[in-house]
Amino acid sequence: MDRIIATPSYTREIIEKTQFFFKKNFGQNFLIDANIIRRIVQAAGITKNDFVLEIGPGIGSLTQFLCASAREVAAVEIDRQLIPILKETLADEQNLTLIQSDILKLDLSALIQEKNHGQPIKVAANLPYYITTPILMALLEQQLPLSSITVMVQKEVANRMQATPGTKDYGALSVAVQYYSQPHFDFVVPPSCFMPRPAVDSAVITLYIPQQRLYPVGQPDFFFQVVKGAFAQRRKTLVNCLQHADFLSISKDTLLAVLSGLGLPAAVRGEALSISQFAALSEALLPYRNTK
Ligand code: SAM
């Protein structure tokens, strides 16, 4: 590997030389600690067999290490100003495809087909925090051939992704992430590892994507409506949250009977339900789905 990009001095040098200006609206906080990058690559379990998708390469700090460990890397960057910079900092990387695009607008299925014959790929990224959830949900909901997603996110968001029922962090994001994947909290990263420094602690988390679906749900869109409805008002009971939900046509008594049929108490709150219980609840509520 040539000179390591992720040092404070080289990062500053690149920024000054190219007159790059950080864009807050793109969530640009670049890693300046090579040890953290090594640990991300290790957590992602990248080998020379892997095709890796990186979201938001920035000036190439993580990309450089991904190229050294993977068979091939595709890095998708939205900021046009960074493309010529990346072409220079990563000029020697023979196994890299650089794509200028908004990750949310890219046809990832076609990319995986072209680059990896549709076989499962790994995702690795220091995500822009302003769109962490939309990016992760887009990756998960499209049911792309992915084997794992290793991402740097705000620590608080990583906590929510892996939270268990009944805890304060458990919510619609926990259910959505754990419906599609098995999260593993890797490690915490302090603000001092970035330039510029973010205001909060960060964490790396890996989402392992199973080959088979974890939960049998007939209509996932309805399942997610029920989950969102259940968490819509946190201090209310599930019955109070769901009885007037616009996606259901159900009386309070019938709703209570459905809960009782599932062995759930009348005063149960959404945050107490496991994903299996949400799956059973959405199946039981399906006949009362409001399709109007
Ligand atoms: N990977 C680099 C690093 O670790 O130093 C940069 C990480 S920085 C937190 C996030 C990067 O994502 C920025 O380069 C930003 O321009 C890019 N980005 C922001 N929104 C994006 C989007 N919708 N699609 C692709 N890249 C995006």
Side-chain angles (χ1 to χ4, degrees), residues 1 3-15 18 20-44 46 52-70 73-90 93 96-108 111 122-139 142 149-155 157-158 186-187 189-205:
M1 189 186 295
R3 198 168 160 194
I4 289 175
I5 300 168
T7 65
S9 56
Y10 194 26
T11 298
R12 207 170 293 118
E13 191 183 314
I14 293 168
I15 283 162
T18 58
F20 176 76
F21 51 95
F22 287 99
K23 297 167 200 75
K24 244 191 166 166
N25 58 337
F26 282 156
Q28 291 174 338
N29 299 93
F30 298 162
L31 274 165
I32 51 165
D33 185 327
N35 278 329
I36 296 293
I37 294 181
R38 286 190 192 95
R39 290 173 70 192
I40 295 174
V41 174
Q42 196 179 12
I46 292 165
V52 179
L53 169 68
E54 186 192 6
I55 300 158
I59 56 170
S61 321
L62 171 60
T63 326
Q64 183 179 50
F65 282 80
L66 294 174
C67 288
S69 302
V73 177
V76 182
E77 175 57 60
I78 197 170
D79 186 352
R80 286 174 196 281
Q81 199 198 352
L82 284 170
I83 301 301
I85 299 176
L86 283 161
K87 282 189 177 151
E88 203 176 317
T89 58
L90 301 174
E93 308 303 346
L96 172 68
T97 306
L98 203 54
I99 301 168
Q100 191 279 316
S101 171
D102 177 345
I103 188 71
L104 295 176
K105 296 193 178 142
L106 197 66
D107 184 345
L108 292 174
L111 181 74
K122 290 178 178 165
V123 176
N126 170 15
L127 285 180
Y129 293 170
Y130 77 107
I131 44 164
T132 298
T133 305
I135 290 177
L136 288 175
M137 291 323 296
L139 292 174
Q142 288 178 66
I149 304 174
T150 301
V151 279
M152 175 97 70
V153 297
Q154 289 180 43
K155 186 175 128 199
V157 176
D186 295 310
F187 54 92
V189 183
S192 57
C193 296
F194 301 86
M195 186 185 293
R197 293 182 181 200
V200 292
D201 270 344
S202 303
V204 175
I205 187 166

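Order of appearance sets the numbers: ligands from 1, and atoms from 1 within every ligand.
Near Ile131, meaning under 4.0 Å from one of its heavy atoms, ligand 1 places the atoms 23 (N). Against a heavy-atom cut-off of under 4.0 Å, Ser61 is close to the following atoms of ligand 1: 5 (O). Those atoms of ligand 1 with a heavy atom of Ser101 less than 4.0 angstrom away are 24 (N), 25 (C). Close approach of ligand 1 to Gln28 (heavy-atom distance below 4.0 Å) involves ligand atoms 13 (C), 15 (C), 16 (O). Near Val76, meaning under 4.0 Å from one of its heavy atoms, ligand 1 places the atoms 25 (C), 26 (N). Taking every heavy atom of Asn29 and a limit of under 4.0 angstrom, the matching atoms of ligand 1 come to 7 (C), 8 (S), 9 (C). Using a 4.0 Å cut-off to heavy atoms of Leu82, the atoms of ligand 1 that qualify are 14 (O). Near Leu127, the atoms of ligand 1 lying under 4.0 angstrom from a non-hydrogen atom of the residue are 9 (C).
Among protein heavy atoms, the minimum distance from atom 8 (S) of ligand 1 is reached at Gly27 O, 3.5 Å. The shortest contact between atom 5 (O) of ligand 1 and any protein heavy atom is with Leu31 N, 2.8 Å. Distance from atom 24 (N) of ligand 1 to its nearest protein heavy atom, with residue and atom name: Ile103 N, 2.9 Å. The shortest contact between atom 14 (O) of ligand 1 and any protein heavy atom is with Glu77 OE1, 2.7 Å. In terms of protein heavy-atom proximity, atom 2 (C) of ligand 1 is nearest to Pro57 O, 3.3 Å. Looking from atom 23 (N) of ligand 1 to the surrounding protein, the closest heavy atom is Asp102 OD1, 2.9 Å. Shortest contact from atom 19 (C) of ligand 1 to any protein heavy atom: Phe26 O, 3.2 Å. Nearest protein heavy-atom neighbour of atom 4 (O) of ligand 1: Asn126 ND2, 2.8 Å.
For the pair Gln64 (side chain) and Ile5 (backbone), a donor-acceptor distance under 3.5 Å is present. The backbone N or O of Ile78 sits less than 3.5 Å from a side-chain atom of Gln100, completing a donor-acceptor pair. In this structure, Asn29 contributes its side chain and Pro196 its backbone to a donor-acceptor pair below 3.5 Å. Remark: the backbone N or O of Ile37 is not paired with any side-chain donor or acceptor of Asn126 at under 3.5 angstrom. Listed for the Thr11 side chain is no donor-acceptor partner under 3.5 Å among the backbone atoms of Pro8. Judged by distance alone, with hydrogens and angles left aside, the side-chain atoms of Ser202 form no donor-acceptor pair with the main-chain N or O of Met152 at under 3.5 Å.
Checking Phe22, Phe194, Tyr130 against atom 20 (N) of ligand 1, the nearest heavy atom belongs to Tyr130. The option with the heavy atom closest to atom 1 (N) of ligand 1, from among Gly56, Gly58, Cys193, is Gly56. Considering each of Ile78, Leu86, Ile37, the one bringing a non-hydrogen atom nearest atom 26 (N) of ligand 1 is Ile78.
Both the sub-6.0 Å distance and the 45° axial angle are not jointly satisfied by Lys24 relative to the ring of Phe22.
Residue Glu54 places a heavy atom less than 4.0 Å from ligand 1.
A pairwise comparison of heavy atoms in Leu31 and Phe194 identifies CD2-CE2, 3.8 Å as the closest pair.
Expressed to the nearest 0.5 Å, how far CD of Glu77 lies from CD1 of Ile83 amounts to 6.0 Å. The structure places CD1 of Ile40 at 11.0 Å from CG of Asn35, a figure rounded to the nearest 0.5 Å.
Residues Tyr129 and Val157 are not in side-chain contact: their nearest non-hydrogen atoms beyond the backbone lie 4.5 Å or more apart. Here the side chains of Leu108 and Leu139 are in contact, with some heavy-atom distance below 4.5 Å.
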Set out, in order, the CA-CA distance, both residues' side-chain angles and the distance that settles side chain to side chain contact (heavy atoms under 4.5 Å, CB included) for Leu82 and Gln28, then state yes or no. CA-CA 11 Å; Leu82 284 170; Gln28 291 174 338; 3.7 Å; yes
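Where the criterion is an N or O separation shorter than 3.5 Å, residue side chain and backbone included, Leu62 fails it with respect to ligand 1.
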